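Counting starts at 1 for both ligands and their atoms, in listed order. Remember, it's a predicted structure, so these values are computed and weren't measured experimentally. In this chain, numbering begins with 1 at the start of the sequence shown.
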Amino acid sequence: MSNLITAILHALQPWTYHLLFGSILFFILHKYGVSHIQPWFFAKIYNPWLTIYHVKLRSMKQKHFDSMKNHVSADPILRKKGAIRILEIGPGPGFNFEFYPAKSELTVVEVNPFFEEQFFKKQAEHPHIKMDRFVVGFAEDMKDVPDNSVDIVVSTMVLCSVRSIDKALQEVYRVLAPGGKYYYWEHIREYQYSWVLFFQHLLSLTIHRYLFRCSLTNRSDELIKANKCGFSNVEQQRFRTPLGPGIDKLAIFHSAHAKGIATK
Ligand SMILES: C[S@@+](CC[C@H](N)C(=O)[O-])C[C@H]1O[C@@H](n2cnc3c(N)ncnc32)[C@H](O)[C@@H]1O
């Protein structure tokens with residue numbers, strides 16, 4: 001354990017001043033109302049920063065989404081075509097395109113408009129997906145998406161950032177057709193190591209709050225399990241993402257994850 005802590009502190013050292021300076025800067029910008037700089041900054045750094053994460057976990061994610069290809073649409077027209085309608089919330093630059101079955105029709109609700117350009121670039125690499133709409137808006141209030149209208153909802157690492165997880169889940173439930181499925185993959189509050197939880201609290205009040213708008217201590221797994229919306233079935237597993245060498249050891253702060261499928 002102490003070796004791991006030393007390795008993490010060592011890996012953190014060259015970044016400490018940049019991260020602290022960045023957080024203070026964004027705190028000041030946030031306080032004085034210049035709030036569009038953070039989304040721009042986040043969209044710029046997210047893709048190069050998290051590509052490693054997505055490459056490392058690709059085969060696990062592939063397995064998680066695999067059953068989607070067997071889903072039969074509730075919409076008779078789509079069913080005839082062998083297609084399904086998917087809604088992804090908070091897709092960022094579109095890392096999940098590759099997991100969607102051919103002929104899927106995709107709508108996304110993304111709060112950060114600065115991701116739109118990267119998203120459509122990535123979509124061009126996946127012509128088997130038909131893009132319906134890119135809606136700039138909040139997952140907690142998807143008024144542009146009708147009730148009971150989608151077969152599948154997807155979120156990956158989004159519930160850590162929404163303003164209200166409960167409201168986002170209510171909206172997911174509302175838009176799903178009966179029998180529709182919510183596939184989620186989220187990093188969650190540390191459940192094993194109290195020292196990691198301590199740092200998660202610290203980071204969530206500073207760097208992660210102002211730089212990334214993300215709560216490392218979110219309890220999305222518990223809230224989904226509590227099932228206030230009334231899903232007919234929730235299958236969920238907690239898991240840990242593997243830590244790599246060097247700076248990748250910092251992943252310990254968001255290594256606790258939960259994935260699952262909730263059925264309406
Ligand atoms: C950590 S990124 C994850 C991006 C992508 N899902 C992935 O797995 O790479 C969080 C994403 O959620 C979006 N987001 C944050 N709050 C949101 C909200 N309330 N409604 C919709 N999207 C939101 C962010 O703009 C960002 O694109």
Which label fits [X] and [Y]: parallel for a plane angle under 30°, tilted from 30 to 60°, or perpendicular past 60°?
X: Phe115; Y: Phe42; answer: perpendicular
X: Tyr173; Y: Phe231; answer: perpendicular
X: Phe119; Y: Phe97; answer: tilted
X: Phe239; Y: His257; answer: tilted

Arg163: partners by salt bridge (Lys or Arg N to Asp or Glu O under 4.0 Å), with sequence neighbours left out
none
Validate the cation-pi geometry between Arg219 and Tyr191: distance from NZ or CZ to the six-membered ring centre under 6.0 Å, angle to the ring axis within 45°.
no
Residue by residue, ordered by chain and number, which ones reach under 4.0 Å of ligand 1 with a heavy atom?
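Answer by chain and number: Tyr46, His54, Gly90, Pro91, Gly92, Phe95, Val109, Glu110, Val111, Asn112, Phe115, Gly137, Phe138, Ala139, Glu140, Thr156, Met157, Val158, Ser161, Val162.
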